[in-house]
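Some notes on the structure that comes next.
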Amino acid sequence: MSSIAETVVAPTSLSPVEIASAIAADVAAPAAESVDRESRFPSEAIGAMRDAGMLGALIPVADGGLGWSLEDVARSITELAKGCSSAAMVYAMHQIQVACLVRHGSNAALREFTRRVAAEGLLLASATTEVGIGGNVRNSSCAVETDGDRFSLTKQAPVISYGQHADAILATARRTPNSPPNDQVLVLCRGENVTLEPKSGWDALGFRGTCSLGFVLSVTGDLEDVLPVPYGDISSQTMLPVSHILWSSLWFGIASAASDKARRFVQAAARKNPDVTPPNALRLAELTTVLQQFQDLVIAARDRYTAIAEDQSQTTSIGFAINMNSLKVSASTLVVDVVQRALLICGMAGYANHSPFTLGRLLRDAYGAQLMVNNDRINANNAQLLLVSRG
């Protein structure tokens with residue numbers, strides 16, 4: 001725990017990856033089994049991140065944040081995922097919302113709230129899906145209703161991950177009751193103004209610590225809490241690419257943790273009989289090749305976005321949307337592939353729940369990747385984009 005205390009006292013003395021790695025090893029990993037078994041919020045890990053200032057990582061230093069780059073946050077998420085997938089997912093989802101606020105929350109009220117996120121370690125959640133729209137986050141049926149300089153919104157959300165633990169929620173809605181479904185805005189729903197009525201429980205196969213219940217969200221607030229940029233622009237320029245980059249970094253962390261267990265298993269077998277190469281060493285070599293391809297995919301996508309992030313003509317292009325969608329599909333498929341390969345290497349030691357080489361939680365979490373914005377929906381969207389793409 002001394003390394004974590006050091007990050008709180010002198011956050012610049014350690015790199016972002018070192019800070020995240022310390023929290024993953026000392027806090028997130030020891031609690032991961034309990035978080036998974038009890039399907040509870042990873043309060044220990046999120047608390048440690050808050051103490052280290054990590055909830056304000058993407059917020060500029062001038063606004064009280066750590067001023068980390070997207071690469072810093074992505075690599076930190078990979079480290080956190082090695083300790084606890086759920087804690088890493090909560091952190092990733094939070095940072096996606098922070099990225100949207102930092103880039104698109106331009107008025108005085110939103111800027112002040114962004115500074116509060118850094119100063120107070122506020123945790124942000126997201127409500128982009130809605131009952132009755134079939135998982136299409138680019139359509140809304142609920143709408144912002146205005147009364148003078150105030151607004152109200154009621155949204156039936158089939159899932160708001162860690163909603164009951166969040167200090168604020170960013171929700172999508174139609175701009176007005178008369179707007180078409182795709183004329184959307186993003187609304188900052190401050191915790192003190194929000195009522196959440198639970199409509200479903202949470203007992204899932206994996207990512208159990210995300211506590212992704214369904215709610216009826218009701219909120220009132222000042223109109224300044226409606227982000228001034230259309231949600232379509234926020235999505236294409238920031239939310240979609242940052243989501244897929246951070247999620248993919250997380251899934252690479254899961255794959256890396258599985259690969260590490262497989263490597264240690266083969267090495268243990270080799271030490272028992274130094275004169276014979278273990279039969280599963282070849283499988284380990286094959287796994288390592290796939291893991292390297294996975295890493296290259298994630299890094300290339302992250303670097304591509306970083307290079308064009310400020311160029312709206314490129315971030316809103318069809319080709320870029322296809323690339324980011326393809327990243328999500330590929331990474332969410334590769335994570336299952338790598339964990340399954342690791343399971344074959346470890347055999348019954350990986351299959352057993354109470355083994356040092358157990359892979360059960362990692363495999364269950366890995367399968368959730370393809371369901372977060374279902375890959376079928378993303379492939380269908382890419383198919384439509386390819387029909388109108390000019391190359």
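Computed from a predicted structure; not experimentally measured.
A parallel orientation is assigned to the rings of Y91 and H94, their planes being inclined by less than 30° (bins at 30° and 60°). Relative ring orientation between Y162 and F41 is described as tilted, the plane-to-plane angle lying within the 30° to 60° band.
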Next item on the list: Start with the C-alpha gap between Q370 and N374, add the side-chain angles, then the distance that decides, and say whether side-chain hydrogen bond (donor to acceptor under 3.5 Å, both in side chains) holds.
Entry: CA-CA 6 Å; Q370 298 181 39; N374 195 292; over 6 Å; no
Next item on the list: Please test S212 against S161 for side-chain hydrogen bond (donor to acceptor under 3.5 Å, both in side chains), starting from the C-alpha separation and ending with a verdict.
Entry: CA-CA 4 Å; S212 301; S161 294; 2.7 Å; yes
Check: Are S313 and D311 close enough, and set up right, to give a side-chain hydrogen bond (donor to acceptor under 3.5 Å, both in side chains), and what steps lead you there?
Finding: CA-CA 5 Å; S313 66; D311 186 342; 2.5 Å; yes
Notebook entry, point to check: V216 and L196: side chain to side chain contact (heavy atoms under 4.5 Å, CB included), yes or no, with the steps?
Noted result: CA-CA 6 Å; V216 175; L196 291 177; over 6 Å; no
Next item on the list: Output, in order, the C-alpha distance, side-chain angles, deciding distance and verdict of side chain to side chain contact (heavy atoms under 4.5 Å, CB included) for Q156 and K199.
Entry: CA-CA 9 Å; Q156 297 187 51; K199 302 302 288 186; over 6 Å; no
Checklist line | Residues E38, S34; criterion side-chain hydrogen bond (donor to acceptor under 3.5 Å, both in side chains); working and verdict | finding: CA-CA 6 Å; E38 300 169 24; S34 168; 3.0 Å; yes
Checklist line | Verdict with supporting geometry, T288 and L291, side chain to side chain contact (heavy atoms under 4.5 Å, CB included) | finding: CA-CA 5 Å; T288 302; L291 188 69; 5.5 Å; no
Note to self: Using the rule given for side chain to side chain contact (heavy atoms under 4.5 Å, CB included), can you reason through V185 versus Y231, listing the C-alpha separation, both sets of side-chain angles and the distance that settles it, and then say yes or no?
What the structure shows: CA-CA 5 Å; V185 290; Y231 176 67; 5.5 Å; no
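Put simply, the side chain of V339 does not reach to within 4.5 Å of the side chain of W251, judged on heavy atoms. S76 has its side chain within reach of P16: a pair of non-hydrogen atoms, C-beta onward, lies under 4.5 Å apart. At a threshold of 4.5 Å between non-hydrogen side-chain atoms, the residues L186 and H104 do not count as touching. Proximity of L80 to M54: side-chain heavy atoms (C-beta onward) are separated by under 4.5 Å at one or more points. V335 places none of its side-chain heavy atoms less than 4.5 Å from the side chain of L362. Within the 4.5 Å cutoff, the side chain of I169 has no heavy atoms near those of the L124 side chain. Side-chain contact between R208 and D203: present, with at least one pair of heavy atoms (C-beta onward) separated by less than 4.5 Å. Looking only at side-chain heavy atoms (C-beta outward), S39 and C211 stay at 4.5 Å or farther from each other.
A salt bridge is defined here as a Lys NZ or Arg NE, NH1 or NH2 lying under 4.0 Å from an Asp or Glu carboxylate O, and D167 with R116 fails to meet this definition. Between K82 and E79 there is a salt bridge, since at least one side-chain N of the basic residue sits less than 4.0 Å from a carboxylate O of the acidic one. Between D63 and R115 a salt bridge is recorded (basic side-chain N to carboxylate O distance below 4.0 Å). With respect to the salt-bridge test (charged N to carboxylate O, under 4.0 angstrom), the residues R302 and E71 qualify.
When every heavy atom of E145 is checked against every heavy atom of P177, the shortest pair comes out as CG-CG, 3.9 Å. The two residues A342 and A258 come nearest to each other via the heavy atoms CB-O, 3.5 Å.
Dense packing is recorded around CD of Q340, with more than 12 heavy atoms of other residues, nucleotides or ligands lying under 6.0 Å away. Annotation for N273: atom CG counts as buried by contact number, over 12 foreign heavy atoms lying within 6.0 Å. The local environment of CZ in R75 is sparse, with at most 12 non-hydrogen atoms from other residues, nucleotides or ligands closer than 6.0 Å. The number of heavy-atom neighbours closer than 6.0 Å to CZ of R50, taken from other residues, nucleotides and ligands shown, is above 12. Around CD of Q267, the count of heavy atoms belonging to other residues, nucleotides or ligands within 6.0 Å exceeds 12.
Checking S69 against D72 by side-chain atom types alone, a donor-acceptor pair falls below 3.5 Å. Judged purely by distance below 3.5 Å, without hydrogens or angles, the side chains of S106 and R111 never pair a donor atom with an acceptor atom.
The hydrophobic clustering, which links ILVMFWY residues whose side-chain heavy atoms are closer than 4.5 Å, places M324 and I234 together. By the criterion of side-chain heavy atoms lying less than 4.5 angstrom apart, applied directly or through intervening Ile, Leu, Val, Met, Phe, Trp or Tyr residues, L70 is grouped together with F320 in one hydrophobic cluster. Under the 4.5 Å side-chain contact rule for hydrophobic residues, V338 and W247 share a cluster.
Considering L327, N382, N381 in turn, N382 is the only one that fulfils the side chain to side chain contact (heavy atoms under 4.5 Å, CB included) rule with I322.
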